[in-house]
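Let me begin by presenting the structure, written as structure tokens, before commenting on it.
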Amino acid sequence: MVCPATKLAGKDMISTQEWTKEGLDTVLAIADRLKEMWACGHMPQILDRKTLFMMFYNSSLRTRNSFEVGMTQLGGHAQFLDSSTSYTPIDALESAPGRERVKDTAQVLDRYGEGLAIRVFGKPVNMVYGAGNQMIRNFAKYCSIPVLDMDCDMYHPHQALCDLMTLREKFGPHNLKGKKFVMSWATAPSPWKPLAVAHSNIELMTRYDMDVTVAYPKEFPLDERILKNAKENAEECGRTFEIVHDMDEAFEGADVVYPKGWTSINHLPTLKDPTKKPDEEKIMSLLKKYEVEKSWTCNADRMKKTNNAYYMHCLPADVRDGWEVTPEVIDGPRSIVIDEAENRLHVQKGVLAAVLGGRV
Ligand code: CP
């Protein structure tokens, strides 16, 4: 089931798609084991005196604190870097007034610590879709230490891994086969939510034997490249991957629903067209339309269409009738959002042990 831990030492975690199934299984096995140990008060000091730098260009509650606590529990240290107080690295090879080159920042941190984790999307990269992911890959290019994606405009791999860990706990690790997992768009008051959680989840769940349905209004598509990967993953597993444009249809018979807002890449600049202006007005008018219609809100009536599904969300959630979810669903008996949040800690300890520790 697991692969040689030496193969994971020093490996970046930017997307799970770039990892072998064997490698992911190893991380999940380590995470399960460390969680069991933690539950009885044992925290092996396998990252003794090692440092993880955590560079945040955006806000965070769960990601920052779970990585920080995880490093402490494993005997190491997590160093928080607010990008604005460390010369805000920007372009790989050029600097700007008050801003440092990514190349130099990466090489310097590489001399001090054992890992570098980064969160960057949206305004810090001028709303250009893909530019956050590109920046993380530029850091990785100039670092020999592992680089971890803590949420960019394309991927949130640690969120998807904790979601998978949580589902393995709820259904049993060998009972995911054929479960209907629904990743759905939902209305949110903010126009700029990244697509990362949806992308990472559909790429990962299609590799773990689930039948995955993704639902979104036509104005809020996912990245074609990610949809293609998800389709191919499902085919390889002999399972299904379906795209629908109606939340009610998606919820029919679902075992898991994950309704979450994301922005419209149709109205954002991209790496191919970085000078295009983001169309906030257009996105807001669509969000308002769907808020009034309540056609993309996870409510109790829609949950009745499911197979008594678990309700998932990465948090923070937009809780209001007309937004992502109503209070009765997120606070209801099938909501597993706090278990997911806890598993951020455990699954990231699994990743950290494997890539910073090397041999466990
Ligand atoms: N789910 C998640 O990434 O939460 P934060 O934005 O609080 O880190």
Side-chain angles (χ1 to χ4, degrees), residues 13-16 27 31 52-73 78-84 115-125 127 132-133 135-136 147-167 169 181 183-186 188-205 226 256-263 298 310-319 323-325 329-331 335-352:
M13 175 58 86
I14 299 178
S15 81
T16 58
V27 161
L52 173 73
F53 293 107
M54 303 186 303
M55 185 172 291
F56 281 90
Y57 289 77
N58 310 81
S59 317
S60 169
L61 173 73
R62 282 144 288 270
T63 305
R64 175 182 175 180
N65 290 293
S66 54
F67 267 109
E68 199 159 326
V69 170
M71 282 301 291
T72 303
Q73 290 185 359
Q79 181 112 330
F80 175 72
L81 299 171
D82 171 355
S83 73
S84 66
L116 171 58
I118 303 155
R119 166 171 287 197
V120 58
F121 56 82
K123 286 190 180 147
V125 284
M127 310 308 300
N133 184 260
M135 185 185 283
I136 291 175
V147 167
L148 311 181
D149 181 338
M150 295 194 293
D151 198 5
C152 69
D153 33 25
M154 290 185 74
Y155 290 116
H156 199 348
H158 300 91
Q159 180 65 49
L161 282 167
C162 94
D163 295 332
L164 177 60
M165 181 177 180
T166 307
L167 290 179
E169 290 173 350
F181 177 91
M183 186 81 231
S184 176
W185 187 84
S190 159
W192 305 132
K193 285 173 174 259
L195 297 89
V197 171
H199 283 168
S200 288
N201 264 284
I202 65 169
E203 280 194 348
L204 188 62
M205 300 313 174
I226 310 286
V256 183
V257 294
Y258 202 137
K260 149 120 196 48
W262 61 77
T263 190
C298 182
Y310 287 117
Y311 165 79
M312 301 187 87
H313 197 289
C314 55
L315 302 179
D318 290 306
V319 185
W323 286 355
E324 289 180 324
V325 62
V329 174
I330 195 169
D331 297 328
S335 173
I336 53 174
V337 297
I338 305 301
D339 294 336
E340 287 174 81
E342 181 191 318
N343 280 337
R344 290 293 303 274
L345 169 66
H346 305 302
V347 98
Q348 287 158 198
K349 282 167 72 179
V351 172
L352 292 166

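Whatever order the structure lists ligands and atoms in, that order sets their numbers, starting from 1. FYI, the numbering just counts along the sequence from 1. Heavy-atom basis, side chains included; hydrogens, waters and symmetry copies ignored.
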Where [X] and [Y] come nearest, the two heavy atoms and their spacing:
{"X": "Val27", "Y": "Val347", "value": "CG1-O, 4.2 Å"}
{"X": "Leu167", "Y": "Ile336", "value": "CD2-CD1, 4.3 Å"}
{"X": "Pro124", "Y": "Tyr57", "value": "CG-O, 3.5 Å"}
{"X": "Pro157", "Y": "Ser15", "value": "CB-CA, 4.3 Å"}

Considering the heavy atoms of [X], write down every atom of ligand 1 situated less than 4.0 Å from one of them.
{"X": "Cys314", "answer": "1 (N)"}
{"X": "Leu315", "answer": "1 (N), 2 (C), 4 (O)"}
{"X": "His156", "answer": "2 (C), 3 (O)"}
{"X": "Arg344", "answer": "1 (N), 2 (C), 3 (O)"}

Exercise for the section: Check Val197 against ligand 1 and report side chain, backbone, both or neither, counting heavy atoms closer than 4.0 Å. Expected result: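 No part of Val197 is near ligand 1 at this cut-off.
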
Exercise for the section: Would you mind telling me if ligand 1 is within reach of the side chain of Gln159, the backbone, both or neither, using heavy atoms under 4.0 Å? Expected result: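 Near ligand 1, Gln159 shows its side chain, while the N, CA, C and O stay back.
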
Problem - atom 7 (O) of ligand 1: the protein heavy-atom neighbour that sits closest, reported with distance to 0.1 Å - result: Leu61 N, 2.7 Å

Fill in the blank from the handout: In this structure, atom 4 (O) of ligand 1 is nearest to the protein heavy atom Arg62 NE, 2.9 Å

Handout entry: Residue of the set His313, Lys193, Lys260 for which side chain to side chain donor-acceptor pair (under 3.5 Å) holds with Asp318
Key =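 Exactly one pass, corresponding to Lys193.
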
Problem - Arg64 to Phe56 six-membered ring, cation-pi geometry met (6.0 Å, 45°) - result: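 Judged by the rule (NZ or CZ under 6.0 Å from the ring centre, within 45° of its axis), Arg64 is not positioned above Phe56.
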
Exercise for the section: State, without any angle test, whether His199 and Glu203 hold a side-chain donor-acceptor pair at a distance under 3.5 Å. Expected result: no

Handout entry: Pair Glu340-Thr166, side-chain donor/acceptor within less than 3.5 Å
Key = no

Min N/O separation [X] to ligand 1 under 3.5 Å:
{"X": "Ser60", "value": "yes"}
{"X": "Pro316", "value": "no"}
{"X": "Arg119", "value": "yes"}
{"X": "Asp151", "value": "no"}

